[in-house]
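Data block below; observations after.
Remember, it's a predicted structure, so these values are computed and weren't measured experimentally.
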Amino acid sequence: MACAAVLATACSREAREVGVTPPQTPPVGNEDPRIAAYQDNLYQVSEGGRYFAWYGCSGCHSETPNNVVNLADSQWRYGFGFAQVYGAIAARHGRFAYGKRVPVEQLWQLTAYVRDLSSHFPEKRRRVNADQKAEPVGGSWQGPQ
Amino acid sequence: MRRVPILLAALLLGGCDGIQSVMSPAGDGAAALHDLLLLSVAVCGAIYLLVMGGLGWSLWRRRAETVSEPASEEPALDRSLWVAAAVILAGLTILIIGSFLADQALFATRGSEALQLRVTGHQYWWRIEYRDPATGRWIETANELHLPQGRTARVALGSADVIHSFWVPNVAGKIDMVPGRRNLIDLTPRRLGWFRGQCSEYCGTQHAHMAFDVKVDSPAVFDAWLMAQARPANAVAGPVAARGASVFAGPCAACHAVRGTGAGGRAGPDLTHFASRRSIAAGTLPMTRGNVQAWITQPQALKPGVPMPAVPLSPQDADAVAHYLATLR
């Protein structure tokens with residue numbers, strides 16, 4: 001019984017809210033009440049990881065040491081708050097203009113994913129990357145193998 | 001009341017026909033499996049009748065005749081045990097031979113030349129690529145498979161995310177699409193017409209809406225279709241389509257490709273000849289102007305959980321994009 005109860009509690013972090021109205025606007029400050037539904041939900045975080053690959057973010061944001069664009073090193077040039085990271089993705093990428101090209105809900109998911117990265121060991125991040133190995137990345141992708 | 005059994009039989013037989021049925025084979029692989037199915041039903045049916053007959057016989061037999069003798073000394077029972085064992089062995093042997101022959105038939109074309117295809121499963125849609133026999137180039141489309149009648153098409157199957165399964169019941173058996181693996185299946189369709197394929201391995205929320213249309217054409221019609229698919233998209237004509245194309249170049253082009261324009265995203269289905277297809281969103285809705293616009297405006301309402309996001313567009317922009325897509329024939 002106790003084991004079953006302990007196991008079941010982990011399920012809530014995987015909950016998939018199908019059909020809810022997604023956010024239409026950027027987060028209002030770092031305490032926006034909508035943040036928890038993304039940052040604390042593993043499904044939304046992992047969807048953020050897929051979009052991260054699809055939009056080709058991994059082309060620049062690798063984990064090589066001493067790289068300013070290493071997102072997993074816990075160093076945040078523009079701050080670690082949800083709204084700050086969101087703003088950095090949406091408005092600080094120059095000609096890529098992700099704020100215009102990426103829909104708002106995906107930006108929420110991407111933000112949650114990026115903020116989640118530094119909370120894991122490198123082994124875990126590598127395993128997640130291995131899971132996503134076959135996902136289409138960028139414009140030159142040639143199939144899963 | 002006497003008509004009820006006839007009606008029931010007619011309804012059951014009605015399930016045997018159709019565009020997504022193993023009971024109406026239209027290809028070599030499906031025909032071999034159909035024969036194996038009939039053989040299994042015949043053998044298992046015969047065994048079933050024998051067992052039920054024996055059970056009925058033993059229930060109805062008069063008990064008094066046998067009570068006095070111990071069972072092991074009854075010669076009739078000894079004989080019938082041997083007969084039963086022989087019947088079971090014979091039935092299993094027939095099934096094994098049938099299964100072996102069906103297997104041989106499924107792989108009979110493997111050594112021969114064939115049209116090369118790649119099909120990749122994505123969460124809730126199918127990427128379909130043809131190798132142009134003349135140039136060796138890969139021609140990409142999505143969610144609609146065209147096959148030449150009487151010619152073998154060799155499909156290399158892969159997956160970009162989770163395990164899917166490729167199944168066109170009328171044409172061939174099913175085979176899984178496993179991430180990190182390439183599985184092959186040979187399709188040799190024999191009957192012209194439209195059929196339907198369906199993902200047959202649960203792959204997520206919208207597994208049920210992961211289908212595709214299959215069209216079997218005569219070889220000449222197929223070649224013409226493939227040539228048309230190889231061409232880049234139609235030129236933009238008219239102010240509304242031009243507005244649609246410029247809106248499309250923003251958020252849509254990040255994931256969708258329209259060959260011949262700047263749109264080169266690879267994450268979503270190739271839309272170069274989108275309007276030539278029969279349905280949208282992997283067999284979810286028929287291809288109509290209204291459905292396309294509804295899909296652009298609110299994909300999550302039509303197919304909740306699909307990775308395509310709702311892109312906030314003004315009604316005029318959504319209308320222009322739908323208009324533009326309708327010109328991509």
Side-chain angles (χ1 to χ4, degrees), chain A residues 14-26 38 41 43-44 46-59 89-90 93 95-110 113 127-145, chain B residues 117-123 125 127-129 138 140 156-164 177-183 204-206 247-257 259 262-270 296 298-313:
Chain A
E14 277 270 13
R16 285 147 210 228
E17 302 289 337
V18 165
V20 296
T21 312
Q24 310 279 340
T25 52
Y38 286 83
N41 187 297
Y43 171 66
Q44 301 289 5
S46 78
E47 286 297 283
R50 292 180 92 180
Y51 294 129
F52 190 84
W54 291 8
Y55 284 116
C57 308
S58 40
I89 297 172
H93 276 84
R95 66 185 173 87
F96 294 115
Y98 291 128
K100 287 207 180 87
R101 288 172 59 216
V102 181
V104 172
E105 192 193 13
Q106 289 185 333
L107 286 170
W108 279 76
Q109 290 165 323
L110 282 165
Y113 171 74
R127 207 173 68 216
V128 172
N129 285 342
D131 281 348
Q132 295 189 337
K133 211 174 163 189
E135 296 274 1
V137 177
S140 56
W141 186 74
Q142 289 297 323
Q145 288 146 44
Chain B
L117 266 82
R118 277 201 303 229
V119 176
T120 307
H122 292 263
Q123 268 180 328
W125 65 279
R127 187 189 302 272
I128 298 173
E129 292 157 287
W138 289 94
E140 183 168 333
L157 299 160
S159 168
D161 34 49
V162 298
I163 300 179
H164 302 278
M177 313 166 94
V178 184
R181 262 192 78 85
R182 268 235 173 280
N183 283 337
T205 328
Q206 286 300 336
V247 174
F248 188 92
C252 313
C255 289
H256 293 285
R259 294 194 303 275
R266 299 280 288 152
D270 186 300
I296 297 167
Q298 197 45 279
Q300 296 296 329
L302 298 171
K303 199 169 168 179
V306 71
M308 174 159 157
V311 178
L313 293 177

Under 3.5 Å, side chain of A/R101 to main-chain N/O of A/F96, donor-acceptor pair present?
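The answer is yes, because a donor-acceptor pair under 3.5 Å joins these two groups.
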Polar side-chain atom of B/R127 near backbone of B/R266 as donor-acceptor pair, under 3.5 Å:
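Side chain of B/R127 to backbone of B/R266: a pair is present.
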Is a side-chain donor-acceptor pair under 3.5 Å present for A/Q109 with A/R50?
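Absent: no donor and acceptor within the cut-off.
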Between A/Y113 and A/Q44, a side-chain donor and acceptor under 3.5 Å
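Looking only at side-chain atoms, A/Q44 and A/Y113 do not form any donor-acceptor pair under 3.5 Å.
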Interface moiety of A/E135 toward chain B, non-hydrogen atoms closer than 4.5 Å:
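Both backbone and side chain.
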Choice from B/P251, B/P309, B/G250 maximising heavy atom contacts with chain A below 4.5 Å:
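The residue among B/P251, B/P309, B/G250 with the greatest pair count is B/P309.
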Flag the one option from B/P307, B/P312, B/C252 with the top tally of heavy-atom pairs under 4.5 Å to chain A.
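Looking at each of B/P307, B/P312, B/C252 in turn, B/P307 comes out on top.
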Give, as side chain, backbone, both or neither, the part of B/A301 having an atom under 4.5 angstrom from any heavy atom of chain A.
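For B/A301, neither part sits under 4.5 Å from chain A.
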Side chain from CB out, backbone as N, CA, C, O: work out which of these in B/A253 comes under 4.5 Å of a heavy atom of chain A, or both, or neither.
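Neither part; nothing is under 4.5 Å.
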What closest approach, in Å, do B/M177 and B/S159 show between heavy atoms, and which atom pair accounts for it?
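What the structure gives for the nearest pair is O-CB, 3.6 Å.
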